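The structure presented is a predicted model; accordingly, all values stated were derived computationally and were not measured.
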Amino acid sequence: MSCSVCIYIPNISILFSSPPSLELSIDPFLALKQHYLYYHLRKSCRGNKTEVEECEEGRQIMASSDKVVETVIVGNYVEMETEGKPKGMKSKIPNLFWHGGSVYDAWFSCASNQVAQVLLTLPYSFSQLGMLSGILFQLFYGLMGSWTAYLISILYVEYRTRKEREKVDFRNHVIQWFEVLDGLLGKHWRNVGLAFNCTFLLFGSVIQLIACASNIYYINDNLDKRTWTYIFGACCATTVFIPSFHNYRIWSFLGLIMTTYTAWYLTIASLLHGQVEGVKHSGPTKLVLYFTGATNILYTFGGHAVTVEIMHAMWKPQKFKAIYLIATLYVLTLTLPVAAAVYWAFGDMLLDHSNAFSLLPRTPFRDMAVILMLIHQFITFGFACTPLYFVWEKAIGMHECKSLCKRAAARLPVVVPIWFLAIIFPFFGPINSTVGSLLVSFTVYIIPALAHIFTFRSATARENAVEQPSKYFGRWVGTYTINVFVVVWVLIVGFGFGGWASMTNFIHQIDTFGLFTKCYQCPPPASAVSPPPHGHNATAAAPLHHPFNHTRSP
């Protein structure tokens, strides 16, 4: 049964009618118009009790319409917030550690995911770039990464708002980046975004496995790195049991604590160690090395390929806009001191030691840093792999399955190629720059900027945009200018020069060590020790007890 109220104005009759469910498809600005009409009618209804009562009834329906408008604008965000709140004491404790969706959870996830094993390679990048260029590139790419993460958040809110106006329910569905592109720009954008995003996350997971094997070798070299890759691949496969980014609350918190400890250990230990005798800071010396180092920093601040999944895990995703910037500012307080301090202490020695752990003496503090970094890499593996799990679940029709065990079993095939690729390309260091130039450049810089330009290319789209650009960015003109700059810069410097430099270096590693190498740049037996030619540049770390970085000739 429907309820209806007629409100009379001279020569005007407005009929408000809605079913009890209040499922109205109305213009977002209609509520403001109704308020205006109501207060205008209150004056004309004074002194007439019947008309006043009718006006009051109209007011109640308008208030209900207000709620509908709010629901249309923010979709199921309110429902998700209600779902995130524990109902009783029994659920309160598990939710405290397991089920997160607040602004703080999103910040911890962004900061924790943004910097992990790459922290250990930033001093190596400084040795390639020089101190000044290294600092400037960190600041520049940190801001650029925050900008494109902001664009992704805007496009997510735009897509979700449009879909929920069409009564689409996302409570049992995790929105992903390629779906945002599909809804806003069509299937061709979806296919390109899906290809780049999945490939980047695949190799991002591979890098975490390679880093695990590289780091554990500094504590226990009884097993070769390939064997450690097998072991950690099996450990990381347990991430199939983590349902979504809601459930990373305690892990993202611990991950950031672990990274913070490691960063400050490296900084303080380097300063206490002091400069080695005859230290030199000659970088930059070669164009190839310069752009390889710059691309590694591009990769460092390109960890927002999972922005959409983190936003979808929030109870109020519309509050995400500045979270990534704040997370980046915190990460810079870790990355800048580490890179500067280690490069100051060891200088050009870092050209042959891409892993900062390799140059510091073994102490309980260093062992603790290695162990904590290993745990954090396990967490980061989950961050990178969970979106791949979602894609695979949707492809085989298991995404909305209620059984956690069935979903975990369905996810296992995703881990196998990651495991396999980590064994084929165990090149810790060079693979970071290669992934950064060929995949990160498009996935989280070029595609988001172009998608924002094309989504709001028409005047109508700009006028009806859910989020209008801030005046601090110059409104639409300023936003478009920044987007064009990002696309041109990353395409030329990141993908062009960076791709050339990183691929040159990566191919050199393959020619030198070959694929499926059993122990990448592990020291040979003592009887076979012979110093390498002076000036040879290798890009993986040598263990501490051996002063040189040995390679066999191509």
Apply ring pair (Phe, Tyr, Trp, His ring centres under 6.0 Å) to Phe196 and list each qualifying residue two or more places apart in sequence or on a separate chain. Phe442
Strictly distance-based, threshold 3.5 Å: is any side-chain N or O of Thr295 a donor or acceptor partner for the main-chain N or O of Leu298? no
Check side chain to side chain contact (heavy atoms under 4.5 Å, CB included) between Lys187 and all other residues, then give those that pass, not counting sequence neighbours. Asp182, Arg190
Could you tell me whether a side-chain N or O of Arg475 sits under 3.5 Å from a main-chain N or O of Ser470, the two making a donor and an acceptor? no
Short side-chain to backbone donor-acceptor contact, Tyr324 and Thr148, under 3.5 Å: no
Can you sort out the partners of Glu309 under side chain to side chain donor-acceptor pair (under 3.5 Å), two or more places apart, ordered by chain and number? Gln176
Distance-only donor-acceptor pairs under 3.5 Å for side chains of residues 264-271, two or more places apart:
{"from": "Thr267", "atom 1": "OG1", "to": "Ala263", "atom 2": "O", "distance (Å)": "2.9"}
{"from": "Thr267", "atom 1": "OG1", "to": "Val338", "atom 2": "N", "distance (Å)": "3.4"}
{"from": "Ser270", "atom 1": "OG", "to": "Leu266", "atom 2": "O", "distance (Å)": "2.7"}

Qualifying residues under side chain to side chain donor-acceptor pair (under 3.5 Å), relative to Ser109, sequence neighbours excluded: none
With sequence neighbours excluded, tell me which residues meet side chain to side chain donor-acceptor pair (under 3.5 Å) with Ser102. Asp105
Look at the side chain of His173 and the backbone N and O of His399, then say whether any donor-acceptor pair between them is shorter than 3.5 Å. no
Given 3.5 Å as the limit, does a donor-acceptor pair link the side chain of Arg411 with the main chain of Glu393, or not? no
To the nearest 0.5 Å, atom CZ of Phe456 lies from atom CG of Asn464 at 10.0 Å
Which residues share a side chain to side chain donor-acceptor pair (under 3.5 Å) with Thr455, sequence neighbours left out: none
Would you check, one step at a time, whether the test side-chain hydrogen bond (donor to acceptor under 3.5 Å, both in side chains) holds for Thr292 with Gln128? CA-CA 8 Å; Thr292 301; Gln128 297 172 318; 5.1 Å; no
Tyr299/Phe203 aromatic ring centres below 6.0 Å: no
Please check if the side chain of Arg366 supplies one atom and the backbone of Leu360 the other of a donor-acceptor pair under 3.5 Å. yes
Looking at Thr259 and Leu256, would you say the former's side chain and the latter's main chain have a donor-acceptor pair under 3.5 Å? no
Given Met144 and Phe301, is the side chain to side chain contact (heavy atoms under 4.5 Å, CB included) satisfied, shown in steps? CA-CA 8 Å; Met144 186 179 290; Phe301 294 97; over 6 Å; no
Contacts of Trp419 that satisfy ring pair (Phe, Tyr, Trp, His ring centres under 6.0 Å) - sequence neighbours left out: none
State plainly whether the residues Arg162 and Glu166 are in salt-bridge range, i.e. N to O under 4.0 Å. no
Quick check against the 3.5 Å criterion: does Asn247 have a side-chain atom that pairs as donor or acceptor with the backbone of Ser244? yes
Quick one: list whatever passes ring pair (Phe, Tyr, Trp, His ring centres under 6.0 Å) with Phe291, sequence neighbours left out. Phe497
In Å, rounded to the nearest 0.5 Å, how long is the span from CG of Leu120 to OG1 of Thr262? 7.5 Å
Exercise answer: donor-acceptor pairs, residues 384-391 side-chain atoms, under 3.5 Å, sequence neighbours excluded:
{"from": "Thr386", "atom 1": "OG1", "to": "Tyr248", "atom 2": "OH", "distance (Å)": "3.2"}
{"from": "Thr386", "atom 1": "OG1", "to": "Gly382", "atom 2": "O", "distance (Å)": "2.6"}
{"from": "Tyr389", "atom 1": "OH", "to": "Thr239", "atom 2": "OG1", "distance (Å)": "2.8"}

Set of residues satisfying side chain to side chain contact (heavy atoms under 4.5 Å, CB included) with respect to Thr333, sequence neighbours excluded: Tyr330
Does the His376 side chain pair with the main chain of Ser112, one donor and one acceptor, at a distance under 3.5 Å? yes
Mind listing the side-chain donor-acceptor pairs of residues 482-491 below 3.5 Å, one per line with the distance, residues two or more places apart or on another chain?
{"from": "Asn483", "atom 1": "OD1", "to": "Trp147", "atom 2": "NE1", "distance (Å)": "2.9"}
{"from": "Asn483", "atom 1": "ND2", "to": "His452", "atom 2": "ND1", "distance (Å)": "3.3"}
{"from": "Asn483", "atom 1": "ND2", "to": "Thr479", "atom 2": "O", "distance (Å)": "3.4"}
{"from": "Trp489", "atom 1": "NE1", "to": "Tyr141", "atom 2": "OH", "distance (Å)": "3.2"}

Thr307 versus Tyr156: any side-chain heavy-atom pair under 4.5 Å? no
If only atom types and distance count, is the side chain of Lys406 paired as donor or acceptor with the main-chain N or O of Met398 below 3.5 Å? no
